[in-house]
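Since the structure comes first, as structure tokens, the remarks are kept for the end.
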Amino acid sequence: MSLALLIEQLLNGVQFGLMLFLMSAGLTLVFGVMGLINLAHGSLYMIGAFFCAAAAAATGNFWLGLMAGLIAAAAAGALIEVTVIRRLYNRDHLDQVLATFALILILSEGVRMLFGPFPLYLDAPAILRGTVDLGITQYSLYRLTLIVLGVAVAIGLWALIARTRLGIQIRAGENDREMIAALGVNIRALYTVVFALGAALAGLAGALVGAIQSVQVGMGEPVLILAFVVIVIGGIGSIKGAMVGALLVGVIDTMGRFLLPRFFATFLDPSQAMGVGAALASMLIYVLMALVLVLRPKGLFPAHA
Amino acid sequence: MRELRREHMLNALLAAALFAVPLWAYLVDEPFLITLATRVAILAMAGVGLNLALGLGGMVSFGHAVYFGLGGYCAGVLAHHAFNATPVLMGLDGTNQMLVIWLVAMALSGLLAAMIGALSLRTSGIFFIMITLAFAQMFFYFALSWPAYGGEDGLPIYVRNVFPGLNTMRPWNMFVIAFVMLMLVLALFAMIRASRFGAALMAIRQNADRVAAVGISPFGVKLAGFVISGMITGLAGAMMADLTRFVSPSMMAWQMSGELIVIIILGGTGRLFGPVVGAAILVGFEVIFGGLTEHWKFWLGLVLLSVVLFARGGFIGLLAGKERHG
């Protein structure tokens, strides 16, 4: 095992973590501001990926596809907020789970009707194909771009929340929704904007990841569940917690899958070591979650401490 | 009280219908319908398990598929070793005796529920939903990548496990076993609901602080409820594996957890026969609409969404009126 390979895997972990952050940020915002658990967040990720792949295939331009994915996800988010989600804010979590579970069924089958039953493929844009020399290792230029984009979006999101008028309203909404409504902020519109913002982030993640995975129905839910793990680790409602949790989950998951089979190969025969290593690696982040729960039941950065 | 009597009558009617339909199918020799009714009975049993945690205790577990799948794997793995005459581990032999398999499935599901419950019940609300989902996903991925028992491909049960005195390969016999077990589990649910323990469980759902103030530890009561709930769902899983003669990681998938919740809600949360109605609706919907369109899940989603938004209380709530308490 060379150092170059190790660094490459580490970068993969960071890239995975940043994409998870895009998913988790929206989820945690929606929970923090509206108190809503949204299972259909994974469907918005899927919608972003599908519209991106379809638009990129139609126009031959990846960036147009990316815009299409982003806009489609944000529009779908706004639409379901106005039609369904809005009725759920005052309901208990069970109703929210069920209604958004129903939305998963509707959106998954809807996408299947619209785009057909087969996976779509999305190629990275020509200028981002190939590798870049990082001195110690060659690394995929596209994945490196994802890392840069992920960091840029994270900074943008931080600036939005910490520095703008909308950000002030969002933070105020987290603390006391009656009070900011009384101060004349249109809370309904604010909720729609926050939901669409989270949807856009999920759609962006789906579209970006679509170029390194196949774009298919059901792609969103595994990521959604990982995003839940991220939020539980980071603390619900905290953007900073989502960032730390996402990077932890991304790096530990990737490194576990890379290192554990090699570790078991030192004393088991290779095929057995692969199986045992892979099985245990897939459990690693959940063990991390359990550990955080025991030590910090509210997550690493509880938002409403 | 009139509503209450109406619910009793409705329950008796439902039990009779669940028995009469396959009986008729047996008489006119329609084995497919019998197997369908068996599926409803077993899914309903899994739902009764979850209903104990969710309906009575208010613990919204989005990970009950893990007990369902674990029960299934108990049946599959024990039968696999009995079939190949190899030890399971440390000299323990496999078995094809249903009764033994059920006990093992309940014991292991209970143990797993105790571990998951002890961790997740430290939290509540939205955290609890996400954590139970995440833990179930952990075992789902483990089953998916662990190569010994088929991994992703699942594990077939070549010959259905045996029950003393009955040929389980006959659909009618399998149905009778499932039906009797469902009635027993429903009786257990009714007994628990009427007991002091059940009263404590329901009181905690309504206000845990007040229950703590009168000297009952909410954590212990909830954990006990959660463990019993997991055991029942695990038992149902073992029977489902025997019915389909196949067990795969998909029994543990999050969709299964979702379906179990859907079963309870469609029927009516906390209602004794809610899961029976819910399972019948779900299976019926799949058979009828699945034959008409491949996009039947789209319509299921719409129906479910309408039930949540507009018809709270589910089917039994619609027919028998609102619940007495809660």
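In what follows, every chain begins at residue 1, and chains take the letters A, B, ... in the order their sequences are listed. All values reported here derive from a predicted model rather than from experimental measurement.
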- Counting only heavy atoms closer than 4.5 Å, note whether B:F128 contacts chain A via side chain, backbone, both or neither. neither
- Message: For the CG atom of A:L36 and the CD1 atom of B:I126, what is their distance to the nearest 0.5 Å?
- Response: 7.0 Å
- Query: Looking only at heavy atoms, which two atoms of B:F135 and A:Y286 are closest? And how far apart?
  - Reply: CE2-O, 4.0 Å
- Smallest heavy-atom separation, A:P297 atom then B:T123 atom, equals O-CG2, 3.9 Å
- Trace of the side chain to side chain contact (heavy atoms under 4.5 Å, CB included) decision for A:L88 with B:L309: CA-CA 8 Å; A:L88 296 171; B:L309 291 182; 3.9 Å; yes
- Query: Which atom names give the shortest non-hydrogen contact between B:M138 and A:V287, and what distance separates them?
  - Reply: SD-N, 4.4 Å
- Message: For a side chain to side chain contact (heavy atoms under 4.5 Å, CB included) check, start with the C-alpha distance between A:M283 and B:Y141, then their side-chain angles and the critical distance, and finish with the verdict.
- Response: CA-CA 7 Å; A:M283 301 175 82; B:Y141 280 122; over 6 Å; no
- Query: Of the listed residues (A:L280, A:L105, A:V97, A:I106), which shares the most heavy-atom pairs with chain B below a 4.5 Å separation?
  - Reply: A:I106
- Straight-line distance of B:L119 CG to A:L293 CG, nearest 0.5 Å: 6.5 Å
- Begin from the C-alpha positions of A:I104 and B:Q255 and carry the test side chain to side chain contact (heavy atoms under 4.5 Å, CB included) through to its verdict. CA-CA 10 Å; A:I104 294 183; B:Q255 288 97 333; over 6 Å; no
- Task: Kindly give the heavy-atom pair with the smallest separation between A:I225 and B:A134, and that separation in Å.
- Result: CG2-CA, 4.4 Å
- Task: Please test A:E109 against B:W299 for side chain to side chain contact (heavy atoms under 4.5 Å, CB included), starting from the C-alpha separation and ending with a verdict.
- Result: CA-CA 9 Å; A:E109 284 304 320; B:W299 303 105; over 6 Å; no
- Task: Count the heavy atoms of every other residue, nucleotide or ligand shown that sit under 6.0 Å from CZ of A:F267, and state whether that count exceeds 12.
- Result: yes
- Please indicate whether A:M255 has more than 12 foreign heavy atoms, meaning atoms of other residues, nucleotides or ligands, lying under 6.0 Å from its CE. yes
- Please round to the nearest 0.5 Å and tell me the distance separating atom CD of B:Q137 and atom OG of A:S282. 10.0 Å
- Message: Report which part of A:V229 has an atom under 4.5 Å of a heavy atom belonging to chain B: side chain, backbone, both, or neither.
- Response: side chain
- Item | A:L39 portion near chain B, given a 4.5 angstrom heavy-atom threshold | side chain
- Message: Would you say that more than 12 heavy atoms from the other residues, nucleotides or ligands in this model lie under 6.0 Å from the CZ of A:R171, or not?
- Response: yes
- Considering only heavy atoms, which portion of B:I116 lies under 4.5 Å from any heavy atom of chain A: side chain, backbone, both, or neither? neither
- Message: Could you report the tightest heavy-atom contact between A:R91 and B:V308, atom names first, then the distance?
- Response: NH1-O, 2.9 Å
- Query: Taking everything shown except A:N90 itself, do over 12 heavy atoms lie less than 6.0 Å from its CG?
  - Reply: no
- Which answer fits B:V60, side chain, backbone, both or neither, if we ask what part of it has an atom under 4.5 Å from a heavy atom of chain A? side chain
- Check: A:R112 side chain, B:E294 main-chain N or O, donor-acceptor pair, under 3.5 Å: no
- Query: Rounded to the nearest 0.5 Å, how far does CG of A:L98 lie from CG of B:L305?
  - Reply: 10.0 Å
- Looking at CE of A:M289 and OG of B:S120, how far apart are the two atoms once the value is rounded to the nearest 0.5 Å? 7.5 Å
- If you count heavy-atom pairs under 4.5 Å between each of B:V303, B:L300, B:L144, B:L133 and chain A, which one has the most? B:L133
- Sub-4.5 Å side-chain heavy-atom contact between A:L94 and B:I261: yes
- Message: Within the structure provided, determine whether B:F62 and A:F228 are in side-chain contact (heavy-atom separation under 4.5 Å).
- Response: no
